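One structure is given below, encoded as structure tokens.
Scope of the values below: all heavy atoms of this structure, side chains included, with no hydrogens, waters or symmetry mates. Residue numbers start from 1 in every chain, and the chains themselves are labelled A, B, ... in the order their sequence lines are given, proteins ahead of strands. Predicted model only: the values in this text are computed from it and were never measured.
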Number of protein chains: 2
Amino acid sequence: MVTIRDVAREAGVSIATVSRILNNKGSHSDAVVKKVLNAAEKLNYAINVNGKRLKTGIKNTIGIILPEYFLYTYPNMLATLINEIYARSFYPELNLNLNLDQCFHLLRSGRYDGVIVVEPENQERIIHNIIKEEYHTVFLGGDISREDINFVEIDYFQAGYLAAKRLIKANHSNIMFLTDNRPLNIFAEIKRGYLFAHDEYGIQYYEEFIIDRSQLEESSEDLKEKIDRTTAVFSIDHKLSQLLIKILLKLNKKIPEDLSFITCGDDFNTETIFPELTTVIIPVEQAVSLAAEMLTREILTGDRIIKRVKLMAQIKEKGSVLKRLTKK
Amino acid sequence: MVTIRDVAREAGVSIATVSRILNNKGSHSDAVVKKVLNAAEKLNYAINVNGKRLKTGIKNTIGIILPEYFLYTYPNMLATLINEIYARSFYPELNLNLNLDQCFHLLRSGRYDGVIVVEPENQERIIHNIIKEEYHTVFLGGDISREDINFVEIDYFQAGYLAAKRLIKANHSNIMFLTDNRPLNIFAEIKRGYLFAHDEYGIQYYEEFIIDRSQLEESSEDLKEKIDRTTAVFSIDHKLSQLLIKILLKLNKKIPEDLSFITCGDDFNTETIFPELTTVIIPVEQAVSLAAEMLTREILTGDRIIKRVKLMAQIKEKGSVLKRLTKK
DNA sequence: CTGAAAGCGCTTACAG
DNA sequence: CTGAAAGCGCTTACAG
């Protein structure tokens with residue numbers, strides 16, 4: 001392993017000089033700079049991050065805590081986040097499926113300058129500690145009750161509300177809701193919006209039309225029978241949409257003639273679905289860009305003003321919703 | 001920030017004792033162990049990784065160098081790799097789209113114990129250096145000419161060969177080949193297999209039936225005209241397959257009645273496609289599991305025997321290939 | 001069973 | 001413009 005000592009010896013200067021030159025600090029005679037750069041190049045030297053981090057306390061690294069669901073459903077979210085972190089001269093450090101306690105541990109162990117936590121559960125005690133010890137943090141969604149944290153939120157409630165409302169206004173009832181059974185807050189939020197729209201318009205909703213992933217994978221007779229009694233579908237993501245569409249195609253059901261259809265998702269994931277579906281745009285890329293900007297800014301400037309952002313969902317019409325002429 | 005000194009003071013012992021107890025080394029009286037554990041718990045102490053890494057040289061971390069393409073096409077590959085790394089008590093450190101030079105730099109800077117590089121370009125000089133400096137490395141595919149490195153390979157050539165052969169044997173010609181225009185070795189390999197099968201059976205292939213992503217996204221008249229002259233399609237991934245299927249559905253083309261279809265991909269990505277497609281199984285999960293096992297084993301045992309693994313691709317019939325009765 | 005001390009590879013205030 | 005020295009938070013061989 002090549003250390004700063006080796007470079008100093010090779011260049012015939014002190015390690016302090018090598019350090020300053022390689023970090024662009026202070027001023028040095030051209031001759032010395034050249035000697036040092038040549039020596040470093042010749043020896044293939046790279047500054048050891050562990051020594052540097054220990055000494056300076058700066059890690060130049062952002063932790064990312066991400067539930068696996070997002071990796072599968074929104075790969076563009078992770079790609080964008082990582083690229084935004086690079087763009088700000090930090091390194092990302094991705095961790096999948098950690099709970100807040102594990103995240104807190106990593107924070108205390110000095111791995112990152114700050115962390116972006118996607119959809120954490122509400123573990124009040126740990127959040128309290130994270131705040132108390134003044135770690136740089138941005139929570140990206142999640143069921144968090146405290147308000148004194150940086151928070152970037154996508155309005156999933158609104159996503160469910162807008163979609164259901166859109167379908168209700170087109171005279172649909174018995175709106176099938178495709179959701180996931182994993183314990184993520186976003187599923188509960190979307191469902192809340194879906195239910196709220198029903199309430200608002202005085203439409204009865206039926207628990208039996210709330211279908212989860214495992215029911216779709218089974219594709220039972222029971223499900224097919226429900227499809228016959230349904231005139232509209234709302235799905236929380238492209239994957240569940242595709243699972244159902246596969247079943248619909250086998251049943252020779254047409255979208256939107258037989259069934260109106262709205263899916264959550266963004267353009268990357270839904271663009272390849274046929275027939276094209278009216279979508280609720282979930283602005284995940286904007287959310288992570290903002291989170292990266294907020295976090296790195298706080299780290300670099302020390303600015304401790306709490307920022308809370310809410311990004312709205314939005315319907316994008318693609319023609320997969322048809323108005324029913326008669327109410328059921 | 002809580003350090004080992006704070007814990008030692010709180011517990012009334014030396015820092016050496018704290019270190020040993022928290023790392024389960026040596027033997028200590030129960031009373032002291034309890035005092036130390038309580039103090040650490042009370043102060044919310046976590047061992048600082050930078051100090052530890054600097055002192056021991058052990059990072060407990062595996063670097064992952066991944067082209068973005070895999071994140072989008074095989075999210076299960078990344079999820080599996082990360083989980084396999086966790087399972088061996090290491091941490092993953094993901095980097096997207098780095099070239100070998102940047103990877104080499106990270107290696108020299110002491111971030112990881114070893115690195116898994118997915119589909120690198122063949123930069124002979126840098127590979128030479130990586131080997132010479134004895135970094136723990138597993139290359140996962142890529143266009144590498146040297147044989148003295150750990151290498152896990154999926155036989156993409158065979159994937160292309162098997163698919164084309166399967167279609168040719170079903171009497172197809174003018175087999176449309178959907179590929180990507182990014183500079184990854186796997187695309188070239190699959191194409192090589194596709195061409196080789198044509199050669200082997202004395203079938204003429206036509207450059208005009210090699211369609212890349214941008215042509216699919218345009219969906220020009222020219223493409224539609226080619227579709228009319230095609231009886232079979234082979235696609236390198238589920239995404240391109242879906243793009244084409246969308247076009248086919250609009251043209252009222254039926255699979256397999258009008259067009260036979262084979263896609264590369266694995267079950268997760270292709271399971272939601274309708275109609276169901278005969279696939280070439282690309283064993284990405286097995287590949288990363290092996291890579292993780294090989295790398296962590298080498299790191300832990302110091303075993304330097306070079307390992308080279310080739311995983312074969314395999315056709316999985318799903319009924320989307322139809323035998324043509326007459327040759328064109 | 002426990003502690004004092006050395007040292008891992010750096011950066012930086014200080015002195016010259 | 002340059003260098004000697006302190007010290008970041010740890011672990012571990014050594015001594016007792």
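For A:Lys55, whose side chain is taken as the heavy atoms from C-beta onward, the closest listed nucleotide among C:dC10, D:dT2, D:dT12 is C:dC10. Nearest nucleotide to the A:Ala16 side chain, out of D:dC1, D:dA4, C:dC10: D:dA4.
Across all strands shown, A:Ser19 has heavy atoms under 4.0 Å from base atoms, whether or not it also approaches the sugar-phosphate. Using a 4.0 Å heavy-atom cutoff across all strands shown, A:Asn48 reaches sugar-phosphate atoms only and no base atom. As judged by a 4.0 angstrom heavy-atom cut-off over every strand, B:Val13 is placed among residues touching the sugar-phosphate backbone only.
Between the side chains of A:Ser289 and A:Glu84, at least one donor N or O lies within less than 3.5 Å of an accepting N or O. A donor-acceptor contact closer than 3.5 angstrom is absent between the side chains of A:Tyr74 and A:Asp237. No side-chain N or O of A:Glu10 forms a donor-acceptor pair with one of A:Asn38 less than 3.5 Å apart.
For the pair B:Asp30 and A:Thr3, both in contact range of DNA chain C, the more 5′-proximal nearest nucleotide belongs to B:Asp30. Nearest-nucleotide positions on DNA chain C for B:His28 and A:Val18 put B:His28 closer to the 5' end.
For CZ of A:Arg297, the number of neighbouring non-hydrogen atoms (other residues, nucleotides, ligands) closer than 6.0 Å is 12 at most. Counting heavy-atom neighbours within 6.0 Å of A:Arg182 CZ, excluding the residue itself, gives a total above 12.
A 3.5 Å limit on both hydrogen-bonding distances identifies D:dC14 as the Watson-Crick or G-U partner of C:dG3.
The distance from atom NZ of A:Lys25 to atom C1' of D:dC1 is 17 Å, rounded to the nearest whole Å. One interatomic measurement links the two molecules: CG of A:Asn23 to P of C:dT12, which rounds to 7 Å at whole-angstrom precision. Here D:dC10 presents its C1' atom at 17 Å from CZ of A:Arg108, a figure rounded to the nearest Å. In this entry the distance linking CZ of A:Arg5 with P of C:dC10 reads 9 Å, nearest Å. A:Ile4 has its CD1 atom 14 Å from the C1' atom of C:dC8, to the nearest Å. To the nearest angstrom, P of D:dT11 lies 11 Å from CG of B:Leu54. Per the geometry, CZ belonging to B:Arg20 stands 15 Å off P belonging to D:dC10, to the nearest Å. Taking atom CD1 of A:Ile15 as the reference point, atom P of D:dC1 lies 21 Å away to the nearest angstrom.
In this structure, A:Ser27 reaches the D:dC1 phosphate: one of its side-chain N or O atoms is under 4.0 Å from OP1 or OP2. When the side-chain nitrogen and oxygen atoms of B:Ser14 are compared with OP1 and OP2 of C:dA4, none of them lie within a distance under 4.0 Å. Distances shorter than 4.0 Å separate none of the side-chain N or O atoms of B:Lys52 from OP1 or OP2 on D:dG9. Using a 4.0 Å cut-off, no side-chain N or O of B:Ser29 falls inside it from OP1 or OP2 of C:dC1.
B:Tyr86 does not carry B:Arg88 over the face of its six-membered ring by the limits of under 6.0 Å from the centre and within 45° of the normal.
On a pure distance criterion of 3.5 Å, no polar donor-acceptor pair joins the side chain of A:Arg53 and the base of C:dG9.
Comparing C:dG16 with C:dT12, their C1' atoms sit 16 Å apart, to the nearest whole Å.
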